[in-house]
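A short write-up of the structure that comes next.
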Amino acid sequence: MIFLLTVSLAVAQDAQEWFRDARFGMFIHWGVYSLMGKGEWVMENDRITVADYETLPSRFNPVDYDPAEWVRVAKDAGVRYVTITSKHHDGFAMWDSKVSDYDVVDRTPYGKDVLKALAEECRTAGIKLFFYHSQLDWHHPDYYPRGNTGRHTGRLEAGDFNRYLDYMNAQVAELAGGEYGELGGFWFDGWWDQQVNEADKSDRTTHVDWKLKETYDLIHRLQPQALIGNNHHVAPFEGEGFQMFERDLPGANTFGYNTTQVGTLPLESCDTINGSWGFNASDRAFKSTKDLIHYLVRAAGSDANLLLNVGPTPEGNFSPEVVERLREIGAWTREFGETIYGTRGGPMKPQPWGTMTSKDGVLYVHVLDANAPERLVLPGTAGLGVRDARLFGSGREVKVESTPDVTLHLPSDAQQAVDTIIIVRPRSVFIAETPLHRRGGRSLASHR
Ligand code: FHN
């Protein structure tokens, strides 16, 4: 028993280390909602009843869906894992579910298991696969009591929540049962729908008992290495293997979801390339490649992964704007990826002008702001003797002073268009373990 526990703990730790090293993932929101071109919340936002929404699947025929091409684009961008919606809040299963016919195989003219095909391509390409799975369900009759959403679906005001949980767990077991290979993990969402006081992220009281332990134990029994994350916007629960932050870097709260403390689990930020998760035909607010790279670098500097979302069209295409940006990000990750993959954030806390990553005893200072000061003070590096500091690429030397924090003098003509990276080699062994800013103390564990 103790042996088994030790083994599964080691498996979980390995998975977490892998996750921390991965740094970059692709999020995919794809479902029958894509047909409406108004995002994945269209059922709720347009107050569509279950009866009306159920007519959508008969039109879902993604003839252009080419999972090998999706994975090629993802890999070329430099992502190490893909997280795709197996079921979103609309309740529609994107695989061949055995406990429901409300799925892509049974209800659409396409008739094929889109997750299966993607799982196979991911396996071939060495990309790990995660499933986004909505706990909230606007379709299932037993998702009752109704939550904070889904009140205009025309369902009977009755149901058995435990029966719903059995259904949800049965679907999770199908996904984790082996048919889709060894999974990276699960990314749950929708817990907040039953939160009594959704505005208060310190209050984890819900109208229902989600019985998370049952779901999490089930997954870990079937796939011990699978990491579980849950986008509940509150502090992590037992059994979760990473902590996520929607549309924000850990510690920031520009969106209103992220007032919870940054904990010690591996971290992940997710965000969109435009403003939408699911395909939204009128959303043209694509972020620039430069901003997206900055997001990735800042995430790494905050010791977090970036899970960057694409919302494919109903035909199964990534829009050209998305492909273009991913290609450009790929050019960057190929050249500069060693400064983010396998790194840990810090020890310098993120600064307005840039951020820091570290790996194998080397610090990478990322200067992101074109108007960064010429004299860059690196808070949190006091006492670190510097052997040398050089510009990534040219190898040109950068002048260093100790004040007592390490201070770099960035040559005025050295600034790069996207990210000016300075490699700082300490004089003594530097171990990047837990980032300074997450422990609120020093982590400059050097053997001097
Ligand atoms: O409601 C969902 C939303 O549709 C989307 O899936 C995002 C992704 O982080 N999460 C939820 C909102 O918190």
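The analysis underlying the following values was restricted to heavy atoms, covering all of them including side chains, and did not include hydrogens, waters or symmetry mates. Atoms within each ligand, like the ligands themselves, are counted from 1 in listed order.
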### Message
Please classify the F255 to ligand 1 contact at 4.0 Å (heavy-atom distances, strictly less than): side chain, backbone, both or neither.
### Response
neither

### Query
Relative to the ring of F19, is the ring of F130 parallel (under 30°), tilted (30 to 60°) or perpendicular (over 60°)?
tilted

#### Entry: Side chain, backbone, both or neither: the part of N231 lying under 4.0 Å from ligand 1 by heavy atom
side chain

### Task
Give a yes/no verdict on a cation-pi contact between K116 and W95, requiring under 6.0 Å between NZ or CZ and the six-membered ring centre and an angle within 45° of the axis.
no

### Task
Go through ligand 1 atom by atom and flag the ones less than 4.0 Å from a non-hydrogen atom of W187.
9 (O)

### Task
If you have a sec, work out which protein heavy atom is nearest atom 7 (C) of ligand 1 and how many Å separate them, to one decimal?
E246 OE2, 3.4 Å

#### Entry: Within-shell test, M244 vs ligand 1, heavy atom, strictly < 4.0 Å
no

### Query
For Y132 and ligand 1, does the shortest N/O to N/O distance drop below 3.5 Å?
yes

### Task
Look only at the side chain of T313 and the backbone of N317, and say whether a donor-acceptor pair between them is shorter than 3.5 Å.
yes

### Query
Mind checking whether H89 and Y132 have parallel, tilted or perpendicular rings, split at 30° and 60°?
tilted

### Cation-pi check, R107 onto Y102 ring (under 6.0 Å, within 45° of axis)
no

### Task
Give me the one residue out of Y257, W191, W187 that meets ring-ring contact (aromatic ring centres under 6.0 Å, His included) with H232.
W191

### Message
Heavy atoms only, cut-off 4.0 Å: how does R247 contact ligand 1, side chain, backbone, both, or neither?
### Response
neither

#### Entry: Nearest neighbour in protein (non-hydrogen) for atom 6 (O) of ligand 1
H29 NE2, 2.7 Å

### Message
Side chains of V114 and W30, heavy atoms from C-beta outward: is any pair under 4.5 Å?
### Response
yes

### Task
Would you mind listing which atoms of ligand 1 come within a distance below 4.0 Å of any non-hydrogen atom of C270?
9 (O)

#### Entry: Sidechain N-carboxylate O distance under 4.0 Å for K98, D103
no

### Message
For the 3.5 Å polar cut-off, considering only N or O atoms, please tell me whether E40 and ligand 1 meet it.
### Response
yes

#### Entry: Contacting atoms of ligand 1, where contact means under 4.0 angstrom from a heavy atom of H233
13 (O)

### Query
Starting from atom 11 (C) of ligand 1, which protein heavy atom do you reach first, and at what distance in Å?
D189 OD2, 2.9 Å

